[in-house]
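Below is one structure, written out as structure tokens; comments come after it.
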Protein chains: 2
Amino acid sequence: MKKSVTIKDVAAYTGLSVGTVSMALNGSERIAQKTKKYVAMAADELGFRKNPFARSLSTKKSRIIGCIVPDITNQFYGEMVGHLQKELVERDYGLIVGFANEDRNQEARLISQFIDRGVDGIISVPVTDTKHDISQIRTLYEDSFPIVFISAYYKDIPYYTVMADLEDGMYQITASFLKKGYKNMAFVFGDLNLIPSSERLNGVKRAYAAAGIEFDPSNIFQASGVTYLAGYSTVVNYTGHNKPDVIFAINDIMAMGIISALRAKGMRIPEDIKVAGFDDISNAAFLETPLTTVSQSIELMCRETVTLLLNRLEGKNTFSGIKKIQTTVIIRESAY
Amino acid sequence: MKKSVTIKDVAAYTGLSVGTVSMALNGSERIAQKTKKYVAMAADELGFRKNPFARSLSTKKSRIIGCIVPDITNQFYGEMVGHLQKELVERDYGLIVGFANEDRNQEARLISQFIDRGVDGIISVPVTDTKHDISQIRTLYEDSFPIVFISAYYKDIPYYTVMADLEDGMYQITASFLKKGYKNMAFVFGDLNLIPSSERLNGVKRAYAAAGIEFDPSNIFQASGVTYLAGYSTVVNYTGHNKPDVIFAINDIMAMGIISALRAKGMRIPEDIKVAGFDDISNAAFLETPLTTVSQSIELMCRETVTLLLNRLEGKNTFSGIKKIQTTVIIRESAY
DNA sequence: TTGTATGCGTTATCAG
DNA sequence: CTGATAACGCATACAA
């Protein structure tokens, strides 16, 4: 690590003052074109790199965004982080990550840490467990700290969020199967108090109502989580005798777990039983059993989220409610 | 964003000097216990939070580590990032991420960006494409910038890396199948010039040699990448007539793609053809076809990597070569 | 054990 | 258009 060259060195080298060099480097309007070029060359020649710490100390900005997702093992969140990073890096922001493992306490700790690290803003997939204390989030909101939510929101703080229209997506897919004549359908969701489940459930109910069919709540299954394994276990541990025509999972990887367990029980898919997921993760079309699902356009979601956050950072007037992104039903072999 | 309280405020509040407060907060030995407690209380009361930028400017440390992986869509790398983050957060480091998409240029850009952001060190899964320029890495090495490699290394710069013993893992699994009498085995790898492929290939050859069987190089297939889709396509596009007893993929998700494509062609697994992967990703045991694979103990790998990097940061004497982590063959249904 | 003073590298303000 | 200088908030070497 050789001693780094500072703006002062560039000043000395060019015979200009520190201030001028700084402005020149930042492309200020009030510096002559000629000077700017001269400074740029000199800086280049000396191998000058801005010291980010000094810069941040002065500007109070780090150009780093913190991002918290529940569980990186879920490919959906992997893709999410990937897209967020891509969007951010293009705008010269860095992305620092944390994983909450569906635990509000971990999430809270991560948020504090991020803020203590001086991130300019936070993107969070809320852990919307109603049992837990949410005052931290409320405080952030009231202090108008730049935090935006993606893919879910806190029930009591439904602001600055970008998410798929889960209710409509679920409505569409449920309705389409009702129309085909299937009535005995099971829904494997996570905790029903959570937004991602409850919104979907609303869609389901709406579809039944629209079809004039009564919805039997016993067809809802609350799994122990929303992971591959949770889906797998739900099927393995099911002791009832009802064999639904279609099983809807809350997301794709859970659907994969469900399919796997069904196969282990000797069921054929889609002949004996149909399965549908939600998300349309990148290889959903190429699974052993290509997966029927509802596409979330995750890339679009991420782009909107980043835009929303950066607009907030730049003090622009932004939409502050819940922006819902349209979904698309995709029928594949798992539920032909 | 209310005006933040600084160390100066705490000093004023306690009647102590700025220097004393700083030391007290940092737990310096030469400050009285009593004073430390007093300062801590006062700081707490005032809601004081250290300004990370000032701190960094002074210490020249950010407590942020940059991490570059090829492709977050691959669950294996997802798990890797997860473990790295966990290890780092426990030691009060932040993890900033970048995705290189197997592209050396992107990787180089990310590394520069990270350094310009003032990361204390970098963890990288090398994009070991020999076609590309690697001088940046060499320079970093020569300047002894704290960069460590995980899961692969640059052929010409085989230092500070932690990876699974790919050669031995491949040797073990190949040998075990040779022992069972299978001889017609196909190996679907990525670019053979790359470490991850070439090391595995050495293991294969060694196993054949040990068994006294001649190895036919035409059984090696270079896929277009190492993704699910690459595996899938390799099978779909295969026009040859040779039907191997066993197909070995370079990693689990590729094996999954291969299985999927084989199934689409009407093959039964493992009856008609066996498939093995590499990595043992977290749900490999619960796939529709539970996957035979070689476990990489990714958690251990990540822990070792973080330890190695942090030791370097603390100036401790560290092992500087290639640390190989032992692998374990796991036989499951896909290759019974 | 505590206080003082200086430096860290930029940005920004205010003169010139 | 450019120069000088004061922040920014903390750590640390040196005094006391």
Side-chain angles (χ1 to χ4, degrees), chain A residues 1-40 42-43 46-64 92 115-120, chain B residues 1-44 46-64 92 115-120 313-314:
Chain A
M1 228 65 329
K2 28 197 154 182
K3 210 184 141 308
S4 50
V5 5
T6 78
I7 220 173
K8 215 183 271 176
D9 300 320
V10 180
Y13 186 78
T14 55
L16 293 165
S17 79
V18 173
T20 306
V21 172
S22 174
M23 310 224 74
L25 252 23
N26 290 331
S28 163
E29 290 303 330
R30 26 191 253 195
I31 299 288
Q33 269 316 319
K34 231 174 92 177
T35 318
K36 284 193 208 170
K37 273 195 186 138
Y38 178 41
V39 169
L46 297 177
F48 167 76
R49 321 252 60 187
K50 274 195 187 130
N51 178 316
F53 309 139
R55 184 184 174 74
S56 289
L57 179 58
S58 190
T59 60
K60 301 184 177 321
K61 303 243 162 300
S62 61
R63 295 196 82 80
I64 293 184
D92 195 31
I115 293 179
D116 285 348
R117 281 229 151 65
V119 298
D120 289 348
Chain B
M1 230 65 328
K2 27 196 155 182
K3 208 184 143 304
S4 50
V5 6
T6 78
I7 221 173
K8 215 183 271 177
D9 301 318
V10 180
Y13 186 77
T14 56
L16 292 166
S17 79
V18 173
T20 306
V21 171
S22 174
M23 310 222 74
L25 253 22
N26 290 331
S28 162
E29 290 303 331
R30 27 190 253 197
I31 299 288
Q33 270 314 319
K34 231 173 89 177
T35 317
K36 286 192 206 168
K37 274 193 187 144
Y38 178 43
V39 170
M41 279 194 49
D44 207 85
L46 296 177
F48 168 75
R49 322 251 60 187
K50 272 190 191 141
N51 178 316
F53 308 141
R55 185 185 173 73
S56 288
L57 178 58
S58 188
T59 61
K60 301 183 177 322
K61 303 242 162 302
S62 61
R63 295 196 81 81
I64 294 183
D92 194 32
I115 293 177
D116 285 348
R117 282 228 149 66
V119 298
D120 289 348
L313 292 186
E314 291 164 9

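Chain A is the first sequence line, chain B the second, and so forth, proteins listed ahead of strands; every chain is numbered from 1.
Take the nearest nucleotide of DNA chain C for A:Arg55 and for B:Leu16: the residue whose nucleotide is more 5' is B:Leu16. Mapping B:Met23 and B:Ala54 onto DNA chain D via the closest heavy atom, the residue that lands nearer the 5' end is B:Ala54.
In this entry the distance linking CD of B:Glu29 with C1' of D:dA11 reads 17 Å, nearest Å. Atoms CD (A:Gln33) and C1' (D:dC1) sit 13 Å apart, rounded to a whole Å. The separation between A:Lys34 atom NZ and D:dT2 atom P is 9 Å, rounded to whole Å. Rounded to whole angstrom, the span from the CZ atom of A:Arg49 across to the P atom of C:dC8 amounts to 21 Å. Atom CD1 of B:Ile7 and atom P of C:dG3 are 13 Å apart (whole Å). Nucleotide C:dC8 holds its P atom 11 Å from the CG atom of A:Asp9, rounded to whole Å. The NZ atom of A:Lys61 sits 15 Å away from the P atom of D:dC8 (whole-angstrom rounding). Put simply, NZ on B:Lys50 is 9 Å from P on D:dC10, counting in whole angstrom units.
Looking at heavy-atom distances under 4.0 Å, A:Val18 makes contact with a base. Looking at heavy-atom distances under 4.0 Å, A:Gly15 makes contact with sugar-phosphate atoms alone, never a base. Counting non-hydrogen atoms under 4.0 angstrom, B:Leu25 reaches nothing in the nucleic acid. In this structure, B:Leu57 reaches the bases: a heavy-atom distance under 4.0 Å links it to at least one base atom across the strands shown. Heavy atoms of A:Ser56 sit nowhere under 4.0 angstrom from any nucleic acid atom.
Within the 4.0 Å cut-off from OP1 or OP2 of C:dT11, at least one side-chain nitrogen or oxygen of A:Ser22 is found. Not one side-chain nitrogen or oxygen of A:Ser58 sits closer than 4.0 Å to the OP1 or OP2 atom of C:dT11. Contact annotation: B:Lys60 side-chain N/O to C:dG9 OP1/OP2 distance is under 4.0 Å. In this structure, A:Asn26 reaches the C:dT11 phosphate: one of its side-chain N or O atoms is under 4.0 Å from OP1 or OP2. In terms of phosphate contacts, B:Arg30 brings no side-chain nitrogen or oxygen within less than 4.0 Å of OP1 or OP2 of C:dT2. For the OP1/OP2 pair of C:dT2 and a distance below 4.0 Å, the side-chain nitrogens and oxygens of B:Thr20 include no atom meeting the criterion.
Counting heavy atoms from C-beta outward, A:Phe48 and A:Asp9 have side chains that stay 4.5 Å or more apart.
Taking the charged nitrogens against the carboxylate oxygens, B:Arg63 and B:Asp92 do have a contact shorter than 4.0 Å, which makes a salt bridge. Classification of B:Arg49 and B:Asp44 as a salt-bridged pair fails, no side-chain N sitting under 4.0 Å from a carboxylate O.
The main-chain N or O of A:Val10 is found under 3.5 Å from a side-chain atom of A:Thr14 such that the two form a donor-acceptor pair.
Checking D:dT2, D:dC10, D:dG9 against every side-chain atom of A:Ile31, the shortest atom distance belongs to D:dT2.
Put simply, CG on A:Asp120 and OG on A:Ser56 are 7.5 Å apart, with the number rounded to the nearest 0.5 Å.
Side-chain contact check for A:Lys36 and A:Asn26: no donor-acceptor pair (N or O, by modelled atom type) lies under 3.5 Å.
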